[in-house]
Amino acid sequence: MIGTDRPRLGNRWAWFWLFTVGEVGAMLFLLLEPRPLWRGLEPQNPVRNRMGGGGGCVLALCLSLVIPVLVAVGLSRVLHTLLDLLSAAP
């Protein structure tokens, strides 16, 4: 993030909040900045409405609440599936 000229999707404050509070900023930055992995190697233009620091803070807080819930639901489904497989085994 420090070595790029100008982040494409958000300013440096938005990425700061996503890196520190949201804790998913590193994965999102690697996937989306400075160009998305699925777009190839050519440089991409900045989006029109870049995310600011306030938007990054709100998104980081929301992601820090939503991601643990999704992980807990996913793990509970895996656990239930494993228990069903073990109980059905002869």
Side-chain angles (χ1 to χ4, degrees):
M1 182 174 90
I2 294 172
T4 59
D5 292 333
R6 182 177 179 206
R8 193 175 63 84
L9 294 177
N11 64 15
R12 294 191 192 281
W13 279 107
W15 284 111
F16 167 78
W17 288 113
L18 286 168
F19 268 80
T20 56
V21 176
E23 298 176 3
V24 295
M27 292 184 333
L28 291 175
F29 191 82
L30 288 174
L31 288 174
L32 301 174
E33 292 279 353
R35 58 187 172 265
L37 290 176
W38 51 88
R39 291 282 181 114
L41 296 176
E42 66 273 355
Q44 301 293 314
N45 294 329
V47 295
R48 283 191 175 171
N49 296 325
R50 291 180 40 195
M51 182 175 25
C57 183
V58 169
L59 182 62
L61 290 173
C62 292
L63 287 176
S64 68
L65 295 174
V66 169
I67 288 177
V69 171
L70 293 176
V71 168
V73 168
L75 287 176
S76 69
R77 289 183 186 235
V78 168
L79 182 63
H80 284 286
T81 303
L82 286 175
L83 290 175
D84 289 342
L85 286 173
L86 291 174
S87 66

Subject >> side-chain contact (heavy atoms from CB on, under 4.5 Å) partner of Leu63, the single match among Val24, Val21, Val58 >> reply: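 Between Leu63 and the candidates, side-chain contact (heavy atoms from CB on, under 4.5 Å) is satisfied uniquely by Val24.
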Original post:
What closest approach, in Å, do Ala14 and Gly52 show between heavy atoms, and which atom pair accounts for it?
Top reply: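 Looking at all heavy atoms of both residues, the closest pair is CB-O, 3.2 Å.
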**OP:** Grab the two heavy atoms, one from Ala60 and one from Trp17, that are nearest each other, plus how far apart they are.
**Re:**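 Minimum heavy-atom separation between Ala60 and Trp17: CB-O, 3.3 Å.
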Original post:
Nearest 0.5 Å, what's the CE-CZ distance between Met27 and Phe19?
Top reply: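 Rounded to the nearest 0.5 Å, the CE-CZ separation comes out at 11.0 Å.
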Subject >> Distance (rounded to the nearest 0.5 Å) between Arg50 CZ and Asn11 CG >> reply: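 The distance works out to 6.0 Å.
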**OP:** Establish whether Leu61 and Trp13 are linked, either directly or via other cluster members, by ILVMFWY side-chain heavy-atom contacts under 4.5 Å.
**Re:**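 Linked, Leu61 and Trp13 end up in one cluster.
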Show me the donor-acceptor pairs within less than 3.5 Å that the side chains of residues 65-79 make with the rest of the protein, sequence neighbours left out.
from	atom 1	to	atom 2	distance (Å)
Ser76	OG	Ala72	O	3.4
Ser76	OG	Val73	O	2.8

